Engineer: 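Take a look at this one; I'll ask things after.
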Amino acid sequence: MRAPLCLLLLVAHAVDMLALNRRKKQVGTGVGGNCTGCVICSEENGCSTCQQRLFLFIRREGIRQYGKCVHDCPPGYFGIRGQEVNRCKKCGATCESCFSQDFCIRCKRRFYLYKGKCLPTCPPGTLAHQNTQECQERSPSQKRGRKDRRPRKDRKPGHRPDARPHPPTRQP
């Protein structure tokens, strides 16, 4: 009778130790970082689920990936809030920093920011500002000499304001 009781206690202890070991894997430290803010974390892959307000940032190294829970996504990524999980998603190829997939805030080298897009050259009517890597609209003083100005409505067609008036003709 004593042997089955000892065996039962030994099995119960083993089950407790197994459960404790699993819990440690979920909240323990992962490769190259910690599991701060994680709901589920493993030593091999880091975080796979984050607390409600945090973003899951997945860093890829070759074929491996490692998850980390962050308050703000790192440069080159933007945050997407979802029903199940909030994720950091990579910006477009020409963006250094972005607000969303379609709206850049800062461009990579050799690209210029214009209305949220990163372009290799600035569009017509704008100038490239080298310090900020932005395309800036030309001011009206820079637009002088343009030939596409509209005629004013208060002028008659063909009337030139700078033309001298003709002297009155004398009639004999």
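Side-chain atoms are counted along with the backbone in the values below, which use heavy atoms only and exclude waters and symmetry mates. Residue numbers start at 1 and run along the sequence shown. Note that this is a predicted model, so its numbers are computed, not measured.
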Engineer: I'd like to know whether Cys47 forms a disulfide (SG to SG under 2.5 Å) with Cys35, so could you lay out the CA-CA distance, the side-chain angles of the two residues, the decisive distance to 0.1 Å, and finally the verdict.
Structural biologist: CA-CA 6 Å; Cys47 297; Cys35 292; 4.6 Å; no

Engineer: Distance check, rounded to the nearest 0.5 Å: Arg110 atom CZ versus Leu119 atom CG?
Structural biologist: 16.0 Å

Engineer: Any idea which heavy atoms bring Lys117 and Asp102 closest together, and the distance?
Structural biologist: NZ-O, 3.2 Å

Engineer: Roughly how far apart are Glu44 CD and Tyr66 OH, rounded to 0.5 Å?
Structural biologist: 11.0 Å

Engineer: Check whether any side-chain heavy atom of Cys104 sits under 4.5 Å from a side-chain heavy atom of Leu113, and report yes or no.
Structural biologist: yes

Engineer: If a pair satisfies salt bridge (charged side-chain N to carboxylate O under 4.0 Å, His left out) and one of its residues is in residues 65-81, list it, with sequence neighbours excluded.
Structural biologist: none

Engineer: Among Gln136, Glu134, Glu137, which one satisfies side-chain contact (heavy atoms from CB on, under 4.5 Å) with Tyr114?
Structural biologist: Glu137

Engineer: For the cysteines Cys91 and Cys98, is the SG separation below 2.5 Å?
Structural biologist: yes

Engineer: Tell me whether the centres of the aromatic rings in Phe99 and Phe78 are closer together than 6.0 Å.
Structural biologist: no

Engineer: Under 2.5 Å between the sulfurs of Cys69 and Cys38, yes or no?
Structural biologist: no

Engineer: So, taking the atom named OG1 in Thr36 and the one named NE2 in His71, what distance separates them when rounded to the nearest 0.5 Å?
Structural biologist: 9.0 Å

Engineer: Does the Gln51 side chain pair with the main chain of Val39, one donor and one acceptor, at a distance under 3.5 Å?
Structural biologist: no

Engineer: Tell me the closest heavy-atom pair linking Gln65 and Ile58, and the distance in Å.
Structural biologist: CB-CG2, 3.7 Å

Engineer: Check whether the SG atoms of Cys95 and Cys107 are less than 2.5 Å apart, and answer yes or no.
Structural biologist: no

Engineer: To the nearest 0.5 angstrom, please state how far the CZ atom of Phe111 sits from the SG atom of Cys135.
Structural biologist: 12.0 Å

Engineer: In this structure, would Leu54 and Val70 fall into the same cluster of hydrophobic residues linked by side-chain contacts under 4.5 Å?
Structural biologist: no

Engineer: Could you tell me if the side chain of Gln101 sits less than 4.5 Å from the side chain of Lys89, heavy atoms only?
Structural biologist: yes

Engineer: Is there side-chain contact between Glu96 and Ile105, with at least one heavy-atom pair below 4.5 Å?
Structural biologist: no

Engineer: Keeping the roles fixed (side chain from Asn86, backbone from Gln52), state whether a donor-acceptor pair exists under 3.5 Å.
Structural biologist: yes

Engineer: Could you report the tightest heavy-atom contact between Gly67 and Leu56, atom names first, then the distance?
Structural biologist: CA-CD1, 4.1 Å

Engineer: Any chance you could measure Arg106, atom CZ, to Thr132, atom OG1, to the nearest 0.5 Å?
Structural biologist: 11.5 Å

Engineer: In Å, rounded to the nearest 0.5 Å, how long is the span from NZ of Lys108 to OG of Ser97?
Structural biologist: 11.5 Å

